[in-house]
**Q** 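Sending over a structure as structure tokens; questions will come in a sec.
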Amino acid sequence: GDSVTQMEGPVTLSEEAFLTINCTYTATGYPSLFWYVQYPGEGLQLLLKATKADDKGSNKGFEATYRKETTSFHLEKGSVQVSDSAVYFCALLVGGKLTFGQGTILTVHP
Amino acid sequence: EPEVTQTPSHQVTQMGQEVILRCVPISNHLYFYWYRQILGQKVEFLVSFYNNEISEKSEIFDDQFSVERPDGSNFTLKIRSTKLEDSAMYFCAIDGAVEQFFGPGTRLTVL
């Protein structure tokens, strides 16, 4: 079956540090890939997406590149802010069904 | 980004009671989805619904669960006889061009 594996957290960084959250996947079909973010007490918000190999999704300074050869979709940001503190979920979409990773808690300190 | 509202935001119920969770998209959509997130765990797919029929459901979506679109706009998830392990956040989602957009969720607490 389809699955998503994210690096284990929690991740704690100082403001302006570089962020990487690893995500790898296995899929039966040709998935679209997503990162969703969940701020404290809120729902899931789409952060970025990529629909085919070598596509780069980007939003709010975050980036992720769809790497088919390594089945990966790592999330990166060059300089994190306190307001980026949240839970980040990697997800794949095949056949209309989203499969999520376990989530990575990010805490950014001033 | 399409908007989705969910009601109630928080539902507390006694074990064995029936609950109905509601989802209202702001605009017309054909595909609807329900997911749940048990506290501290990953988000899990429950069911997808297209053109007034279930198109796919997970193993979690057993006979205690049902979905319907009673009036062409609301989309509901019913849990017939709640169990303690049904306590979770329940998210409704609608389809975009590729992605799915989520509502704010309903927190269900079963006592």
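Side chains are part of it too, since the values below use all heavy atoms of this structure and drop only hydrogens, waters and symmetry mates. First the proteins, then the strands, lettered A, B, ... as listed; each starts at 1.
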**Q** Membership question, hydrophobic clusters at under 4.5 Å side-chain separation (ILVMFWY): are B/F61 and A/F100 in the same one?
**A**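 Looking at the clustering, B/F61 is in the same group as A/F100.
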**Q** Sort B/Q37 into side chain, backbone, both or neither according to what part of it lies under 4.5 angstrom from a heavy atom of chain A.
**A**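 The side chain, not the backbone.
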**Q** Determine whether a donor-acceptor pair (N or O, by modelled atom type, separation under 3.5 Å) exists between the side chain of B/Y35 and the backbone of A/L98.
**A**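 It does hold such a pair.
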**Q** Is there a side-chain contact between A/Q38 and B/F102 in this structure, where contact means two heavy atoms from C-beta onward sitting under 4.5 Å apart?
**A**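 No, side chains not in contact.
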**Q** Is there a path of hydrophobic side-chain contacts, each under 4.5 Å between heavy atoms of I/L/V/M/F/W/Y residues, joining B/I20 to B/M89?
**A**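 Per the 4.5 Å side-chain linkage, B/M89 and B/I20 are not co-clustered.
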**Q** Give every donor-acceptor pair under 3.5 Å between a side-chain atom in residues 103-111 of chain B and any protein atom, sequence neighbours left out.
**A**
from	atom 1	to	atom 2	distance (Å)
B/T106	OG1	B/P8	O	2.5
B/T109	OG1	B/H10	NE2	3.1

**Q** Once you round to the nearest 0.5 Å, how far does OH of A/Y36 lie from CZ of B/F101?
**A**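 Rounded to the nearest 0.5 Å, the OH-CZ separation comes out at 7.0 Å.
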**Q** Chain B: which of A/K97, A/Q6, A/Q102 shares the most heavy-atom pairs with it under 4.5 Å?
**A**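 Heavy-atom pair counts peak at A/K97.
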**Q** Within this structure, what is the OG-NZ distance for the pair A/S3 and B/K42, rounded to the nearest 0.5 Å?
**A**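 Output value for this atom pair is 7.5 Å.
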**Q** Search all heavy atoms of A/L44 against all heavy atoms of B/V43 and return the closest pair with its distance.
**A**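 Residues A/L44 and B/V43, closest heavy atoms: CD1-CG2, 3.9 Å.
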**Q** Just checking B/E53: does its CD atom have more than 12 heavy atoms from other residues, nucleotides or ligands closer to it than 6.0 angstrom?
**A**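 No.
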**Q** Would you call A/F34 and B/E99 a side-chain contact if the rule is heavy atoms closer than 4.5 Å?
**A**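 Yes, at least one pair of side-chain atoms sits under 4.5 Å.
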**Q** Check the surroundings of atom CD in B/Q64: do more than 12 heavy atoms from other residues, nucleotides or ligands lie under 6.0 Å from it?
**A**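 Result for CD/B/Q64: enclosed.
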**Q** Is there a path of hydrophobic side-chain contacts, each under 4.5 Å between heavy atoms, that joins B/F91 and B/Y31?
**A**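 The answer is yes; both residues are in one hydrophobic cluster.
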**Q** According to a hydrophobic-cluster definition based on side-chain heavy atoms being under 4.5 Å apart (Ile, Leu, Val, Met, Phe, Trp, Tyr only), do A/L46 and A/I21 belong together?
**A**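 A/L46 does not cluster with A/I21.
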**Q** Given heavy-atom pairs under 4.5 angstrom as the criterion, report whether the side chain, backbone, both or neither of A/K49 touches chain B.
**A**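 It is the side chain, since no backbone atom gets that close.
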**Q** Output yes when a side-chain donor or acceptor of B/Q100 lies under 3.5 Å from a complementary backbone atom of A/G96, and no otherwise.
**A**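 Looks like yes, one N/O pair under 3.5 Å.
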**Q** Using a side-chain heavy atom cutoff under 4.5 Å and only I, L, V, M, F, W and Y, what cluster partners does A/F18 have?
**A**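 Grouped by the 4.5 Å side-chain rule, A/F18 forms a cluster of one, so the answer is none.
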**Q** Rounded to the nearest 0.5 Å, how far apart are CZ of B/F45 and CG of A/L93?
**A**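 Rounded to the nearest 0.5 Å, the CZ-CG separation comes to 10.5 Å.
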